[in-house]
Every structure is written in structure tokens, then in C-alpha cells.
Protein chains: 2
Amino acid sequence: MSPRKSAVETAATRTRIIECALTLASAEGLEGVTIGRLATELGMSKAGVIGHFGTKEALQLATLDAAVEKFADRVPARAAGADPGVDRLTRAFDEWIAYMADEGHGGCFLTSVATEFDGRPGPVRDAVLAALSRWSDYAAAELRTAVDAGDLPPDTDVDQLVFELGGVGLAAGQAIQLHRDPAAPERARRAIDRLLGR
Amino acid sequence: MSPRKSAVETAATRTRIIECALTLASAEGLEGVTIGRLATELGMSKAGVIGHFGTKEALQLATLDAAVEKFADRVPARAAGADPGVDRLTRAFDEWIAYMADEGHGGCFLTSVATEFDGRPGPVRDAVLAALSRWSDYAAAELRTAVDAGDLPPDTDVDQLVFELGGVGLAAGQAIQLHRDPAAPERARRAIDRLLGR
DNA sequence: TTAGCTACCGAACGATCGTATGCTTTTAGC
DNA sequence: GCTAAAAGCATACGATCGTTCGGTAGCTAA
């Protein structure tokens, strides 16, 4: 007779499942997260796992949502204290890079899922696109603030700058995750400082 | 009685399989290429498909090899005619971007496989790393030539520049493949021109 | 002519996939 | 104390996974 959980712990179980899915997806990709594997890893039955979500796609979306929320809690939230404009954006990118370099989650979850689903239309792709757009919009808004404040030249091409800053992030992710290059964070910071005219 | 193929056509069949695998992998990732699916797509049996390679991993490696060769034939080869240094490198990046923007193959095969396998040690990861390193080495060599020729400042940090150029390529790939942004190639070219001091 | 080699097929293997159904157990509200 | 909801388990389903095996058609060399 195993000890049973109270219904109030349902949300906790759901969180536990998603947490485990995040770990697995970091290594194997979102499509590599299998219900059977989750069940084994968590010591529960497949039905118990999927019962919380209904379908695998719903589980993928929930996992993605959790990753996005985690990112938002960590990166923009920690930069919120800095001065709007260049300061805040620099801080945000620093946090992003530190987040990618952290042990545990393999690089940037959003980036890898974006690559995994960029050729597969569907709700997952849509969700990834929406999340990345939010990040781009955030960066663009801070850049416009910086232009208005005179910290960046008035003729700054904001969209171009967002594009290039994103590229630095992607390069950092690859250097960290694939090449295991310890110099990557420093390189990324230097690139960003140059882009933001520091 | 079906018409039988001569033994001399074996290599052609192998090529056909790999070509099909490249197409499938562009949309679904290398792990998404299934022997059964290849067999269906090619109108042959699973045994006939896998017989040419022995193992799925061998098939993956062969597919990756083919993609690398295709890339080498297209990008550095077309830039070989340009003057060594900044000219040639600019040309190579232009070719890379045009290659990614081409319809048919979904973005940069190497980049997506790199993301797919960056957390999975093994021969595939090793092969991806080797291929990407060759590309980095190529870029670094051209940059050093440019420095020696005086087209770039003597204090140029070549590795940093390779890092940032790679980032522009990754950003272009994401913008093309995920965001379907038609302005991406132009943005990338502008970023590269600025990095190479044009 | 014949023996051997190669390419490929048809069939099957155990494993695992996602999903559905029907229990048992526990808890919450009355 | 009783009941309805639910969380989770056990089991099963059809499909597909990668791989193996034996057989056969067509070619080549002896």
C-alpha cells in the first residue's frame, strides 16, 4: 500500500511533471520528451502523467509555457531594477547570458525549441514565435528609450540592432552548449557592449 | 516481374536515400528521419534502405556528411574566386545567407543539427562540431589574411570577430526559417559589412 | 554452365510510442 | 458517516520504431 497524495497536491504533481519534462527536453529536445520516459523517471504510470494534460501536445505547450515563465522571472525581472534604456538592456542581456551558461538547463530552452519546430507549423511553433517576439519587442522598446534619452544616436536602426543583439545571444548559446567554450560569456558581453556603444 | 537494377546502380540508390533523408531532416530534424518513412517515400522496403548503412546512426552520419559536402561545394567554393581576405569572406557569407534563404532545404542544415545534438554526446555531435570548426577555421584564416593585408586593424581580435560573424549567420537563419522575414538577408549583409569595416 | 556476390524484398522480432478505458484509493463537502 | 469528484494505477490498443533473418533476382567471374 503506497501513501496516497491529497488532491491539494495535484498542482504540485503537475509542476513536478513539467519540471522533469524541462530537464529531459533540455537534453533531448521537446519532441524527445516521452510520456513513458516521464512516467519512469517520476515513478508513476503513463496514464497518471498524461492525465494532467490530455495530449502530448498540451504537455509540450505547458512545458514551453513553464520555460518562458522561468525565463521571464529570471531575465527581464532581474533587469527591471536598472535604469530604462541602455543600462537595463545591457543588464538583461547579461542575465540572459548568465542564464544560458548556468549548469542544469542546457543552454536557452527557447532557442533550441525554436530550431526544433521552425519547420513544423502548429501550436508549438506559434507559441515559440510569440515568446520570441515578446523578447524582441522588449529589446526594441528599451532601445527606443535609449534613443530618446540620447544614449544612442538618433538615426539608430532599432530593428537592425535587435537583429544583431539576438545574433550575439544565439552565438553565445552555441558556443556554450556545443563548443563548451568558457570564454563565450565574455565574448558575448564584449559584442553587446560594442553594439550598444559602450 | 519488376525491372531489376544492375549492381552498378547501387551508389545511385544510396544517393537517392541520402537526398531524401536530407529533405526529411530539413523539416523534422535528423532524429525525425525514420527508416520506415524513408522506405515509404522511396518506394522500397525498410531492409533495402538500412542495408546501405547498417545502422540508423550510420545513416545519420552519412546524411550529415552529404550536407557538409553540399555546403562546402556551394559556399566556400563559390567564394574561392574572390580575393583572399575581406573580399572572399564577404563573398562567402553572402553565399551562406543566400544558401539559407533558398527554398527547399530548411535553413542551414548544419545549424539545426548542431542545436539538435548539442546535448547528446556521440559520433553525430562530434561530426557536427568538426564541421563547424572547419567553417570557423576558414573564416579565421581569411580574417588573418585581411589583417596582414591591412584591410583590418592590426589589433583585430580574430576569434572575437569569428564569434560575432557566426552570430549574424545564426540570427539570419532564425529570421529566415522561423520568422520568415524577407528582410533578413539584407539585415545580415549590413551587419557583416559593418563587422568587416566596409 | 555454374558458383558466388550484391541489392533488395517480405516478414517478423521486441520495444516503445501516444492514447483510451476502467478500476481503486483518497479527499472534500454535505 | 456518506457520497461525489479526483488522482493515479493497471492494462490494453494499434502504430511505428530499429534491427534481423531468410530468400530471390540479376549480375559477374570462373
Side-chain angles (χ1 to χ4, degrees), chain A residues 1-21 23-25 27-64 113 116-117 120 122-125, chain B residues 1-22 24-25 27-64 113 116-117 120 122-125:
Chain A
M1 188 192 301
S2 62
R4 320 251 53 261
K5 312 274 177 60
S6 78
V8 98
E9 284 188 292
T10 296
T13 303
R14 212 187 117 105
T15 304
R16 226 164 49 93
I17 295 171
I18 291 178
E19 211 64 38
C20 186
T23 304
L24 288 183
E28 319 267 353
L30 200 51
E31 205 64 58
V33 178
T34 267
I35 297 167
R37 185 126 173 236
L38 277 174
T40 303
E41 211 88 26
L42 292 164
M44 50 192 298
S45 68
K46 291 207 290 175
V49 170
I50 200 59
H52 284 271
F53 306 93
T55 64
K56 182 179 182 187
E57 190 177 74
L59 186 150
Q60 288 179 323
L61 288 170
T63 305
L64 182 56
V113 177
E116 188 178 355
F117 281 83
R120 305 186 220 181
V124 178
R125 201 191 111 106
Chain B
M1 188 193 301
S2 64
R4 318 249 60 257
K5 312 275 175 62
S6 78
V8 96
E9 282 189 294
T10 297
T13 303
R14 213 188 117 106
T15 303
R16 226 163 50 94
I17 295 171
I18 291 179
E19 211 65 37
C20 186
L22 278 172
L24 289 183
E28 319 266 355
L30 200 50
E31 206 64 60
V33 178
T34 267
I35 297 168
R37 184 125 173 237
L38 277 174
T40 303
E41 211 87 25
L42 293 164
M44 51 192 297
S45 68
K46 292 206 289 174
V49 170
I50 199 61
H52 284 270
F53 306 94
T55 297
K56 180 176 184 190
E57 190 177 74
L59 187 149
Q60 288 179 324
L61 288 170
T63 305
L64 181 56
V113 177
E116 189 178 353
F117 282 85
R120 304 186 219 179
V124 177
R125 201 191 111 107

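Below, read A as the first sequence line, B as the second, and so on, with proteins coming before strands; counting in each chain starts at 1. Worth saying up front: this structure is predicted, and the values here are computed from it rather than measured.
In this entry the distance linking CZ of A:Arg16 with P of D:dG8 reads 9 Å, nearest Å. Between the P atom of D:dA15 and the CZ atom of B:Arg37 lies a distance of 17 Å, rounded to the nearest Å. In this entry the distance linking CG of B:Leu24 with P of D:dC17 reads 11 Å, nearest Å. Atoms CD (B:Glu57) and P (D:dC17) sit 18 Å apart, rounded to a whole Å. For the pair A:Arg14 CZ and D:dA6 P, the computed distance is 15 Å after rounding to whole Å. The nearest whole Å value for the distance from the CD1 atom in A:Ile35 to the P atom in D:dC9 is 14 Å.
Using a 4.0 Å cutoff on non-hydrogen atoms, the parts of residues 43-56 of chain B near DNA chain D are B:Lys46, B:Ala47, B:Ile50, B:Thr55, B:Lys56, ordered by number.
Going from atom CG of B:Leu22 over to atom CG of B:Leu64 covers 9.0 Å, rounded to the nearest 0.5 Å.
Side chain of B:Thr55 to backbone of B:Ala58: no donor-acceptor contact under 3.5 angstrom is found.
Applying the 4.0 Å criterion to OP1 and OP2 of C:dT16, one finds that A:Thr34 has every side-chain N and O outside that range.
A salt bridge links B:Glu31 with B:Lys56; the closest basic N to acidic carboxylate O contact falls under 4.0 Å.
Side-chain atoms of A:Arg16 and A:Leu42, non-hydrogen and from C-beta on, do get closer than 4.5 Å to each other.
A:Ile17 and A:Gly48 get closest at one heavy-atom pair: CD1-O, 4.5 Å.
Checked options A:Val113, A:Leu24, A:Leu30; the residue passing with A:Thr63 is A:Leu30 (criterion: side chain to side chain contact (heavy atoms under 4.5 Å, CB included)).
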